[in-house]
Amino acid sequence: MVVCLSLGLVLPDLFAGNRDGLEAEGPRKEIGLQLYSVRQDMSKNVKATLDSVAAVGYTFVEIAGYSDGKFYGIDPVVFKNMVEATGMRLLSSHTGQDLPTEETWDECMQWWDKAITAHKAAGIDYIVQPWMSMVGYESLDGLKRFCDYFNAVGEKCRAAGIKFGYHNHNGEFRTIDGNVIFDYMLAHTDADKVFFQIDLYWALAAGADPVEYMEKYPGRFLLWHVKDVEEVGASGEIDFKPIFQKAKTAGLQYVIVEQEAFSEGMTHFSSIAQSLSFLRKAKFVKKSYGK
């Protein structure tokens, strides 16, 4: 069993700092960074931030900056080339739309058509929606409608050669009429159309055991968000080893670091370097997955 975390994160103000000399320690591994971790830096200077993330040693990125056909305000192909010029690749993207009504369904599907076209142009392999509105948490009917909607979006993505997934936080482990929301979603989405990006921290924070989910729903968790209270491994509260030992069962393809908080005295870049160093040095983390 893995150790669960307490709820109630207090996120400190983020700050930028010296980016030099921050290559992570340990053997190089295929590990990516969710750029939400350095969102303030991305809002100031996209190229410099990407250069710094690459200098730390991350091999790919997952973005959280799609809007109206562009990524961080940049044309998809231009952004793709910008990422690849650093030696990294553009793997995945967090974006999405709220549950449409019958009246707004066509408009929503048109939004997705435009988004999928942009993501395809950028060479992105995975699109992940990281939220549901409250209707998905309040009733089984609302949750079922979200599952049906995700299946429809997943079918659109699959037709374009992109995989569509859902990212959990802690709310998905609440219950509705005796049904755990996360379990219901796993059972009522088509495995051929919808995968799940499990956020290990938020699952543990909710009192759930990722290992149990990986055993119960094998092959559904293609992407993992590896996260801790601050830097990965720094809290000492999460035993990552038994989780990573279930990588094959889970269907893991890629490991992605996301940080929502940083230790006092750390810059964004020294902090994400420490997280990467932990995973590089961990013998239970393979060089790469899904190959």
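All values below were derived from every heavy atom in this structure, side-chain atoms included, with hydrogens, water molecules and symmetry-related copies excluded.
Proximity of a side-chain donor or acceptor of K227 to a complementary backbone N or O of E258 within less than 3.5 Å is not detected.
Between Y126 and Y254, the ring planes are perpendicular. Angles over 60° get that label, and only those under 30° would be called parallel. Using a 30° and 60° split on the angle between ring planes, F173 and Y213 fall in the perpendicular class, above 60°. Using cut-offs of 30° and 60° on the angle between ring planes, the pair Y289 and F244 is tilted. Ring pair W112/F164 is perpendicular by interplanar angle, where above 60° counts as perpendicular and below 30° as parallel.
Each side chain to side chain donor-acceptor pair (under 3.5 Å) pair with one or both residues in residues 66-77, not counting sequence neighbours, appears once here: D68-K114.
A heavy-atom distance below 4.5 Å is found between the side chains of Y217 and D183. Annotation: side chain of F196 is not in contact with side chain of E172 (no heavy-atom distance under 4.5 Å). Side-chain atoms of F284 and I243, non-hydrogen and from C-beta on, never get closer than 4.5 Å to each other.
Side-chain atoms of S277 and E25 include no donor-acceptor pair closer than 3.5 Å. Between the side chains of T189 and R220, at least one donor N or O sits under 3.5 Å from an acceptor N or O. No side-chain donor-acceptor contact under 3.5 Å links E30 and T59.
Salt bridge D125/R89: present, at least one basic N to carboxylate O contact under 4.0 Å.
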Please tabulate, one pair per line, all N/O donor-acceptor pairs under 3.5 Å involving side-chain atoms of residues 140-147, not counting sequence neighbours.
residue: D141; atom: OD2; partner: R145; partner atom: NE; Å: 3.3
residue: K144; atom: NZ; partner: D148; partner atom: OD2; Å: 2.9

